[in-house]
Amino acid sequence: MMIPTHQKGKNKAQDFDDLDPVITYRHILQTNLGIKDPLRVVALCDSDAFYAACEMVRLGVTDKPLVVLQWEGIIAVNYPARKFGISRFHKLKDAKERCPELMIVHVATYKEGDAEPGYWDNVDSRTHKVSLDYYRRESSKVFSMFKEGLPDAEIEKASIDEAFIDFTKPVRQALLQRYPYLSQIPADAPNGVDTPLPPPPLIDWGTDSHLIPIYSNADSESTDEETSQSAPLTWHDIALRLAAEMMHKVRVDIATQLGYTTSAGIARNKFLAKLCASYRKPYSQTILRNQAIPCYLKPLEFQKIRFLGGKLGQALAKEYDVSTVADLLPVPLEEFQAKFGESAIWVYEILRGIDRSEVKEKSPVNKSMLAAKALQKPITKIDDGPHWIRVLAAELSLRLNDARKERPNLWPKTLALHAGHGYGTARSKQAPFPFTKEVTVNVIAAAGGKLWKELVGNVTGTIKVTYISLGFTGIEATDASQQSIASFLDSPAVTGVKRPNEEKNGKPSKSRHRNTQRVRSRPSSPSADQNTTSFTCLECHKTLSLSPKLLSTSDVLGQAYALAAMKDEHSDFHFAESVAREMEPEVKEVRGPHKKVKTPKIQEKEIGPRGIEKFFNRT
DNA sequence: CATTTCGTCAAT
DNA sequence: ATTGACCA
């Protein structure tokens with residue numbers, strides 16, 4: 001296919017050549033067109049000054065200037081305070097001078113031993129850690145309202161205060177309902193289902209949305225609305241309008257019921273929706289018609305585009321010594337490909353208003369959960385680590401157990417510890433996290449403490465750590481088989497509490513299983529030996545071989561071994577074994593030459609080019 | 001221009 | 001398993 005822009009500078013009109021595609025009955029009748037759908041409509045909706053709005057709701061404040069403080073820094077400024085010229089980068093003192101009646105709210109904090117975070121007037125970064133949990137909870141209320149208000153839309157949580165919403169499906173439904181003749185291919189249609197749709201009706205753009213202007217109106221007296229309404233309507237414009245109505249309704253509901261104002265951008269794809277969402281703020285929404293894309297995009301600094309704000313955008317700016325989208329339009333695709341490889345097509349298309357990325361519905365549960373602390377005074381002694389690890393562990397415990405109130409079957413697969421000083425200097429250790437139902441501060445702190453030793457243990461002398469974080473990764477809702485094993489592993493015997501009825505013959509007693517369910521039928525024939533995974537008990541050298549059928553459970557068993565290793569108790573091994581045996585009775589017991597022990601115990605690792613001694617600066 | 005505390009994904 | 005890029 002010929003791309004006309006290969007000739008430098010010439011074919012500007014054809015840089016944006018897909019703004020008014022022919023839409024046929026096939027397009028409107030066919031579902032699952034995905035990103036190729038010429039009637040695709042995507043919105044980006046984000047909360048205005050979200051943290052500040054959360055505090056206003058919490059404190060019952062309306063309209064008063066307010067900032068949210070995190071230690072000495074302002075992290076959120078509500079719109080009334082912005083009227084005084086206050087921004088996130090001002091010092092608190094400057095902000096107070098600009099607005100003496102400014103309300104100042106410090107984010108919730110807690111210290112070691114606190115049951116939960118709280119709001120305090122006097123906070124001390126040397127002893128306390130920030131908790132952003134209140135904002136997470138409020139955020140999930142907002143997302144619930146998106147879901148309830150837009151049951152047919154795909155919704156992708158993009159951050160704590162932002163969601164992409166794919167309106168294509170609900171808009172299609174509304175289109176066919178409002179204009180039923182679209183579903184009837186006329187008898188005299190020349191090309192049947194491939195006949196273009198009749199011209200769209202005239203519509204009122206309404207008053208709930210702003211419109212991005214279609215012509216540069218710098219020296220024009222007409223308003224944005226006039227210049228944007230002047231272009232002839234397309235069916236895509238009708239689709240945008242229908243989405244705007246739905247978006248507006250949900251936004252009003254959220255503002256009324258939760259007290260959070262939002263702003264939204266509505267366009268044909270994700271990156272354009274994100275861009276135009278901030279066209280007017282707060283509490284407004286903006287429609288970007290296809291015809292308005294060129295004049296909106298060309299003067300734009302390309303580093304403001306999502307994913308061009310980092311290294312790639314810098315590389316582009318440096319390579320061509322330019323800053324706007326229009327500056328890059330003459331660059332042929334081949335040149336991008338030579339210089340930017342994989343990203344070339346994506347960049348080339350983005351510059352032309354094309355974005356193939358899909359709105360991907362995400363699990364309501366985050367895949368990771370981390371607690372982090374920046375220390376203004378560095379840790380210098382290895383023994384100082386465990387204190388902060390306990391603080392971080394307490395938060396993780398609180399948050400995980402809170403999440404489990406909604407979803408009891410949530411399990412974190414690994415625990416990771418990061419530590420470092422300054423930028424780009426972090427090191428980390430991670431290990432499988434023990435599979436227990438009782439995720440207590442002690443369990444997390446013990447596992448975290450092990451990681452800490454692994455990370456800094458072989459440094460002799462002084463360390464320097466200004467940043468430390470502890471987090472779960474691989475958080476998932478387990479299936480029933482894992483739940484049954486988990487509840488077994490949480491039985492008192494496994495968790496270390498002695499119980500009256502110990503098992504006989506290595507087999508657990510019935511009573512221990514009254515809360516577990518049998519979920520897997522036996523495989524009809526056992527698998528061959530070469531496909532099994534073996535575990536050997538360090539103490540008695542008994543080896544357990546698991547068939548591939550138990551792939552998922554062997555994963556769980558791995559966690560059981562982690563627990564055993566952590567507690568230095570070999571008895572857990574045998575409990576794990578008996579569970580496996582019960583679930584798959586042909587699990588083999590092997591005696592004889594000991595195979596290599598497979599445990600999740602962290603192996604001592606060779607220090608790489610950026611050695612640990614170099615990394616943790618001696619002082 | 002920036003801090004801190006998040007979170008996701010990909011390369012190796 | 002570890003590191004880093006990027007987002008807000």
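A, B, ... follow the sequence lines: proteins, then strands. Residue 1 opens every chain.
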Intra- and inter-strand pairing of DNA chain C, written as dot-bracket with Watson-Crick and G-U pairs under 3.5 Å and | for the latter, reads ||||||.|

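dC6(B) and dA1(C): their P atoms are spaced 23 Å apart (whole Å). Rounded to whole Å, the separation between the P atoms of dC1(B) and dC6(C) comes to 15 Å.
Distances shown here put every side-chain N or O of K157(A) at or beyond 4.0 Å from the OP1 or OP2 atom of dC7(C). For S159(A), no side-chain nitrogen or oxygen approaches OP1 or OP2 of dG7(B) to under 4.0 Å. Phosphate proximity of dA8(C) to R306(A): absent, as no side-chain N or O sits under 4.0 Å from OP1 or OP2. For the pair R88(A) and dT3(B), the criterion of a side-chain N or O lying under 4.0 Å from OP1 or OP2 is not met.
Closest to the K311(A) side chain, of the nucleotides dA2(B), dA5(C), dT4(B), is dA5(C). When distances are taken from the side chain of R427(A) to each of dT3(C), dA8(C), dG7(B), the shortest belongs to dT3(C).
Side-chain contact between K281(A) and T261(A): absent, with no pair of heavy atoms (C-beta onward) separated by less than 4.5 Å.
Here E162(A) lies in heavy-atom contact (under 4.0 Å) with sugar-phosphate atoms only. Nucleic acid contact for K91(A): none, since no nucleic acid atom lies under 4.0 Å from a heavy atom of the residue. Within the 4.0 angstrom heavy-atom criterion, no nucleotide atom of any strand lies near I74(A). Residue A371(A) is in sugar-phosphate contact alone, with no base atom involved, counting any heavy-atom pair closer than 4.0 Å across all strands shown.
For H106(A), the ring-ring contact (aromatic ring centres under 6.0 Å, His included) test picks out W71(A), with sequence neighbours left out.
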Between protein and nucleic acid, restricted to nucleotides 9-12 of chain B and to nitrogen or oxygen atoms under 3.5 Å apart, what atom pairs and distances do you find?
| from | atom 1 | to | atom 2 | distance (Å) |
| --- | --- | --- | --- | --- |
| dC9(B) | OP2 | K367(A) | NZ | 3.0 |

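Ring-plane geometry between F472(A) and F433(A) is classed as perpendicular, the angle between the planes exceeding 60 degrees on a 0 to 90 degree scale with a lower cut at 30.
Checked for salt-bridge contact, R306(A) and D355(A) miss the test: no charged N lies under 4.0 Å from a carboxylate O.
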